[in-house]
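Values below: all heavy atoms of this structure, side chains included; hydrogens, waters and symmetry mates excluded. Each chain gets a letter, A, B and so on, in the order the sequences are listed, and its residues count up from 1.
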Protein chains: 2
Amino acid sequence: MKEYVSILKKTKLFAGVGEEEISAMLSCLSARMQIYKKGDYVLRQGTHLSDITILVAGALHIQKDDYWGNRSILGHIGVGEIFGEAYVAPESGVLINDVVAIEDSAVIFFDVKKIITTCPSACQFHTRVVQNMFFTISEKNKKLVQKLDHMSKRSTREKLLSYLSEEAQKQNSSTFTIPFNRQQLADFLSIDRSAMSNELSKMRKEGLLDFEKNCFRLL
Amino acid sequence: MKEYVSILKKTKLFAGVGEEEISAMLSCLSARMQIYKKGDYVLRQGTHLSDITILVAGALHIQKDDYWGNRSILGHIGVGEIFGEAYVAPESGVLINDVVAIEDSAVIFFDVKKIITTCPSACQFHTRVVQNMFFTISEKNKKLVQKLDHMSKRSTREKLLSYLSEEAQKQNSSTFTIPFNRQQLADFLSIDRSAMSNELSKMRKEGLLDFEKNCFRLL
DNA sequence: ACAATACCGTTGTATTTACAACAGAATGGA
DNA sequence: TCCATTCTGTTGTAAATACAACGGTATTGT
């Protein structure tokens, strides 16, 4: 786990906390790490989770497959992001999505109860981490609201533009890359892949945008 | 504000805290209350918010209207529920939705920073409230994930069944009422009202469910 | 009590989307 | 390098949805 402390230091969860304090807290909070190969399930729908988790290497998708194999992707988790935050409350029930490694990945699990019930004055930086976690979950919340905003659009084109605009804004550039291939983007926006490809082509013809692979530019 | 302490006592945010402690905390946290008439805007898209808010009377909708007057409803807030939790983080930006009173309502605003930065040992129950708020935001998070689950369904029928099933489960009964009229339900699920009415009728004919006004029964 | 308004279901038509199939390009492994 | 696999854009058709319009029924306010 030691090798990832420098990664943790850069995350929002540990913002303002030094590497040594992080190391100390890892044992104090009885954190455990797990390695996954591309394609492995990190968490499975229907199971319980009482940990908060943070990705320190690789990338994950939070997704769900129905009976007919139709997949819908709830979100993409990059290095430094947390997940499982919707299930920290007691009686929050079971997971309603799978979490899958789309690259070789490493995940650290923290016992949530230890984080929030241990007296914050125990470690000097504990208070800070509690605050950070608070804000992180709130940000996550906003992300979900934004995704709902895309999904509430009625047409394929509107959904695409809504999502791409947000990415451009988030990456602070009209040229940006997205963490999805075509099928994944379609599954993320809950639209048909071929219809989406079609719409992208039309928009390119109309001069609204340009793209190559997963790199896009809004015009 | 005094008259709503008994309401606050029943909320998840103040679970485990007595009425007297709540009264004490209200001033300690410099809470302020605001009254709204049906139809009033509680919060407006594009503005900043650094408070966490709790509804103590009435009902609210979190919604958004586009240029053409098409409305989409993100969520319904009932008495005891919090809102604005997605914007407590510093630099979380401006609101992307309006919050509107759909009945005469009363809202209490708390300064988030005071809640989480004041030393939790100051008031005996402060720690408890911080934990409660933590869990409440997490639950809110789960709610959003569930709504995304409905919205990711491809057809009108699937969206309806997904939503109605969740309501039945939440209210622990196959007979239940929903807090929306038809137009609002359509705006909530991002589908066409007439198509929805049509689909509901079909499902009733098929014996899948029954309904009258906003009272439904799954069969 | 009555008028005005809002709500709900229904229908028909135009538009959009889903689905299936395919070919060329890119990618990855042996 | 070559073969198998995946990824992407395109097309045509079937199916679903959006939109507009309408009448009947509640609801509201005066």
- prompt: Between B:E139 and B:K142, is there a side-chain N and carboxylate O pair less than 4.0 Å apart?
  reply: no
Rounded to whole Å, CZ of A:R157 lies from C1' of D:dA18 at a distance of 17 Å
Exercise. Is there a donor and acceptor pair, one atom on the side chain of B:R193 and one on the base of C:dG9, closer than 3.5 Å?
Worked result: yes
note: B:N181, atom CG; C:dT5, atom C1'; distance rounded to Å ~ 14 Å
Sorted by position of nearest nucleotide on DNA chain D, 5' first, the leading residue of A:R154 and A:Q183 is A:Q183
Assign each of A:T156 and B:K205 the nucleotide of DNA chain C bearing its closest heavy atom; nearer the 5' end lies the nucleotide of B:K205
For this output row, return yes or no: ring centroids of A:F180 and A:H61 closer than 6.0 angstrom. yes
A:D192 atom CG is separated from D:dA16 atom C1', nearest whole Å, by 13 Å
Query raised in the report: Does A:S194 make a side-chain donor-acceptor contact with the base of C:dC19, cut-off 3.5 Å?
Result: yes
Separation of D:dT11 atom C1' from A:N198 atom CG, nearest Å, is 8 Å
More than 12 heavy atoms from other groups under 6.0 Å of CD on B:E206: yes
To the nearest angstrom, the CZ-P distance between A:R204 and D:dG9 comes to 7 Å
*Less than 4.5 Å apart, any side-chain heavy atom of A:I137 and any of A:M133?*
yes
Between CZ of A:R182 and C1' of C:dA26 the distance, given in whole Å, is 13 Å
* Contact under 4.0 Å: A:S201 side-chain N or O vs D:dT10 OP1/OP2 -> yes
To the nearest angstrom, the CG-C1' distance between B:L160 and D:dA16 comes to 14 Å
Between NZ of A:K159 and C1' of D:dA18 the distance, given in whole Å, is 13 Å
